[in-house]
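Following: one structure in C-alpha cells, then a few remarks.
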Amino acid sequence: MTIKLYFLGTGGWIGPASRTYSSIALKVNENIYLLDVGEFSFKNFQKTRLNPLNITAIFLTHTHGDHILSLPTYVINLGALGYERSLKIVAPKWTEEAIHSLLDLITNLKVKVKVKLLEGYDGELAFDNEEVKVWSYRAKHIEDSLMYKIHVKNKLTIVYTGDTAPNKTLEEIVKDADVLIHEATFMWGFEKMAHSAGHSTIHDAIKLALKMNIKKLILTHIGFTLKLPRSFKVGNTVVYVPNELDVISL
C-alpha cells in the first residue's frame, strides 16, 4: 500500500505570495481524498502527476474561501475530463448553502455530486470504505469548523486540524495518531492574537505534538512568518514545513 500527501496549497488567507490556499491530496494506492479545496488549488493539482479521475471524496472543514473556493473549478473540470463516478463531498451541515451556491455557478453540471452533510458532533462517522475511515470533530475557530481524523485501514492514522485554536478535543483525538497536520497561521509569540482569531501558532502545534508523542508533525496554513527549514526535529518529533507541491510519503 502506498500512502502520500500532496500539498496543493499551504498558506492562510493572508500570507506570502509563495503560498496559495489550503488544500491537501491524500493518495492511498490510486485513490485520492482531498482535504479542503482553497482558491487556486486545482491549478496546483494539475501540476502534479495525479489523475483527477481518481478523486474519490472531498472533505471540507468550513466555508472560508481559502478552504472552499476551488470547489466549482474541480467539478467543472472533472465533467470536462469525463468523470463517471459520483463525486462525494463530505462537509458540515452549516456549509450546505455555500456548497450549492458554488455549484450553481456551473452552467452545465456534468458530474453527479453526492453531498454528505455532517451534524457536527464529536466523533461523527464522516466516511468509510475499504481503504479509509474518517471521523469528524468540532474545531475552535471564529466560524463553525471541523477537524478530521483519518484512519488508513491497517496502516496509520492522520489528524487534520483545518483552522483551529488549541482545544481539548484536539488533544483527545491525536492520542493514537501517527501523523498530525496542524495549522500554524501565526509565528511563536503571537498566541494571544492567534487564539482570539481561532488559529494556532507554530509553538502551539509543536507543543501539542511533543505532549502527545506524535512522530510526524506537518505544519500548514502558514501565514507571514520567519523562513523555516523544510524539516527539523524537536525531541522525538520530526516537523515538516512543506512548500507548494511538496510530496510526503507516509
task: Kindly indicate whether the side chain of Phe232, heavy atoms from C-beta on, has any atom under 4.5 Å from the side chain of Val241.
output: yes
- request: Write down the atom of Asn51, the atom of Ile32, and the distance for their closest heavy-atom approach.
  value: O-CD1, 3.4 Å
field: Audit row: Tyr148, Phe59, ring pair (Phe, Tyr, Trp, His ring centres under 6.0 Å) steps and yes/no
entry: CA-CA 8 Å; Tyr148 289 107; Phe59 296 87; 5.5 Å; yes
message: For Lys4, is the NZ atom crowded, meaning more than 12 foreign heavy atoms sit under 6.0 Å from it?
response: no
task: Would you check if the side chain of Ser23 reaches a backbone N or O of Gly9 as a donor-acceptor pair within less than 3.5 Å?
output: no
message: Could you report the tightest heavy-atom contact between Ile202 and Ala184, atom names first, then the distance?
response: CG1-CB, 3.8 Å
Flag for Glu143-Ser145: side-chain donor and acceptor within less than 3.5 Å: no
task: Using distance alone, with no hydrogens and no angle criterion, decide if Asp144 and His62 have a side-chain donor and acceptor under 3.5 Å apart.
output: no
task: Quick one: do Lys93 and Glu119 satisfy salt bridge (Lys or Arg N to Asp or Glu O under 4.0 Å)? Show the steps, please.
output: CA-CA 6 Å; Lys93 65 180 181 180; Glu119 292 297 321; 3.0 Å; yes
task: For Asn44 and Leu8, work out which heavy atoms get closest and say how close.
output: ND2-O, 2.6 Å
- prompt: Honestly curious: do Ile173 and Ile24 fall in one hydrophobic cluster under the side-chain, below-4.5 Å linking rule?
  reply: no
- prompt: Can you find a heavy atom in the side chain of Lys27 that is under 4.5 Å from one in the side chain of Ile3?
  reply: no
message: Less than 3.5 Å apart, any donor N or O on the side chain of Asp163 or His221 sitting next to an acceptor on the other?
response: yes
field: Heavy-atom side-chain contact between Thr56 and Asn54 under 4.5 Å
entry: no
query: Tell me, do Arg85 and Lys114 make a side-chain contact under 4.5 Å, heavy atoms counted?
result: no
message: For the CD1 atom on Ile14, are there more than 12 heavy atoms of other groups (residues, nucleotides or ligands in this structure) within a distance under 6.0 Å?
response: no
